[in-house]
Amino acid sequence: MNRIAGLLIITSSMVAAQQQMSLSDCEEAFQKNSLQLLAEQYNINMADADILQAKIWELPQLSGQINAYNPEDRRVFDIGRAKGAEISQLIYMGGKKKNEIAFAKSNKDLAKLQFSQLLADLRAQLHTIYYNLYYERLKLENTNRQLGYMSDLLAAYKKQSAKGNVSLKDEVRIQSIVIQLNNDKIDINKNILEFEQNLKVLTGINEDIVPKISDSEAQNILASQPFGDETELQKKAVENNADYHYNLKLIDNSKLYAQWQKSLNVPDLNLGAAWDQNGGTFKNEINLTVGIPLPLWKSNKGNVEKANFAIQQNQKNAEFQKFNLETKVQAAYRAWKTEYDQLSQIKSDDLNNMELVYNGMLNNFRKGNISLIEFVDFMDSYRETALQIYDMKNRIIQSAEQLNQLIQTKIFY
């Protein structure tokens, strides 16, 4: 009884450590808990701080003067009769502040696009891992079913082989299938552990997540198709891909930076007021002070040239990114089409027939209607085919997810 109670406790704890979740549930947890998204969000906040900083002017300067030595009366620090004060403010000319603020706002737009691209990349990772986990669990379920029957059969043959009722050769044939199934199970479990770990990191959920997808939902996902051909998909990608728009925005950003650097060549004005007790023409004299650097040469010429080169560089990068994006969409679409067409050739009746044949082979073998060699050959073929079909279905969804990641708008219906 104690052993049974212990097994029940272990089983209940394993069930409690798992959580069935749909893809939308995982997405909700991901957007709420993803530390990568939360960290990236701070770049937008820092860009806001840069805009605030760009709007701030230099502080006004206050200066004063007092007498250090009076040569007439030979007095040191004759403060009572000789002192003065001046206040001045730097006035930006040439639209420096306006250009600096515009550049800072452009940087915020870039930060938003970076956030959008990270969101698209992480969401694609989430979908990829979720479907990988779903199909690996189906493979594990199918493998366990085969392994259970073949292990029982092996145990029975071992007993009969020990009694001399069956040949050792037959026992070894069954043993080879069991070994192959166990190797499959080890590889599948290894993949499941990796996918579960990655899903935990993305969603921030500590429990093992079990994908919640009905058979009809899985069929609908596999049957869905993009709205257009590869040319239309390329156009949609150019319209929506955040990474490409980031490169386009970099051109505008570099132009604003160049404009700001040009304005730095314009001399600024230093405007102020000064009071002097006795040092001027009049007593308690108040004067207006104006100061401006002499523009004998362009003090920021090098930075202006550098900024102009950055514009040309970003233009070339944007052209490359567009071409690269279009070729990626083309390759992803063709990969999806190839997998989709291949699966379409396998009708649902064919899959049902495969299961019928599998069950029929089991029953006929139990009844002695087929030989062990025929049965083992069929089981080996069935084992490989079952795994290949699951992988084929998974590849279709992965190709579709790659298209979604590139185009970043709804395209499958």
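Note: hydrogens, waters and symmetry copies are ignored here, and every other heavy atom, side chains too, is used. Because the structure is predicted, anything quoted here is derived from the model rather than measured.
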Show your reasoning for whether side chain to side chain contact (heavy atoms under 4.5 Å, CB included) applies to M392 and R395.
CA-CA 5 Å; M392 189 187 304; R395 286 197 300 269; 4.0 Å; yes
If you measure from CG on N404 to CH2 on W336, what distance do you get to the nearest 0.5 Å?
11.5 Å
Is it true that the side chains of E355 and Y382 contain a donor and an acceptor less than 3.5 Å apart?
yes
Does the pair K337/D341 count as a salt bridge with the N-to-O cut at 4.0 Å?
yes
Look at atom NZ of K169 and say whether more than 12 heavy atoms of other residues, nucleotides or ligands are closer to it than 6.0 Å.
no
Are any of the side-chain nitrogens in K298 or E305 under 4.0 Å away from the carboxylate oxygens of its partner?
no
Without hydrogens or angle criteria, can the side chains of K301 and N265 be said to hold a donor-acceptor pair below 3.5 Å?
no
Are a donor atom and an acceptor atom from the side chains of Q330 and E230 found within less than 3.5 Å of each other?
yes
When you look at N107 and L110, which way does the side chain to side chain contact (heavy atoms under 4.5 Å, CB included) test go after all the steps?
CA-CA 5 Å; N107 284 337; L110 288 175; 4.0 Å; yes
Heavy atoms, side chains only, cut-off 4.5 Å: are T203 and M21 in contact?
no
Can a side-chain donor-acceptor contact be found between Q117 and Y246 if the only test is distance below 3.5 angstrom?
no
Relative to each other, are the rings of F375 and F365 parallel, tilted or perpendicular (30° and 60° limits)?
parallel
Salt bridge between K322 and E319, side-chain N to carboxylate O under 4.0 Å?
no
Salt-bridge test for D380 and R383: reply yes if a basic N is under 4.0 Å from a carboxylate O, no otherwise.
yes
Would one find more than 12 heavy atoms of other residues, nucleotides or ligands at under 6.0 Å from atom CZ of F309?
no
Any non-hydrogen side-chain atom of Y135 less than 4.5 Å from a side-chain atom of D391?
no
Please lay out, stage by stage, how Q146 and N142 fare under the test side chain to side chain donor-acceptor pair (under 3.5 Å).
CA-CA 6 Å; Q146 297 176 62; N142 185 279; 2.5 Å; yes
Atom CH2 of W57 with >12 non-hydrogen neighbours under 6.0 angstrom:
yes
Does one side chain, of Q398 or N132, offer a donor that lies under 3.5 Å from an acceptor on the other?
yes
Atom NZ of residue position K98 - does it have more than 12 heavy atoms of other residues, nucleotides or ligands inside 6.0 Å?
no
State, yes or no, whether a side-chain contact exists between F30 and L119 at a heavy-atom distance under 4.5 Å.
yes
Side chains of Y244 and L248, heavy atoms from C-beta outward: is any pair under 4.5 Å?
yes
Given side chain to side chain contact (heavy atoms under 4.5 Å, CB included), test L271 with Q89 step by step and report yes or no.
CA-CA 5 Å; L271 188 64; Q89 173 66 55; 5.6 Å; no
I370 vs F378 side-chain heavy atoms within contact, under 4.5 Å
no
What I want to check is whether the side chains of D276 and Q65 have a donor and an acceptor closer together than 3.5 Å.
yes
Residue pair V329, L403: steps toward the side chain to side chain contact (heavy atoms under 4.5 Å, CB included) verdict
CA-CA 6 Å; V329 171; L403 273 174; 4.2 Å; yes
Using a distance-only test with no angle check, is there a side-chain donor-acceptor pair under 3.5 angstrom linking E40 and N43?
yes
Are more than 12 heavy atoms, taken from residues, nucleotides or ligands other than F323, located less than 6.0 Å from that residue's CZ atom?
no
Have S161 and E171 got a donor and an acceptor in their side chains that come within less than 3.5 Å?
yes
Is it true that K235 and E232 make a salt bridge, defined as a side-chain N closer than 4.0 Å to a carboxylate O?
no
Close side-chain approach of L199 and F195, heavy atoms under 4.5 Å
no
Closer than 3.5 angstrom, by distance alone: can the side chain of N241 be matched with the main-chain N or O of L406 as a donor-acceptor pair?
yes
NZ/NE/NH1/NH2 to OD/OE distance under 4.0 Å, K139 and D184
no
Is the closest side-chain heavy-atom distance between K158 and Q175 below 4.5 Å?
yes
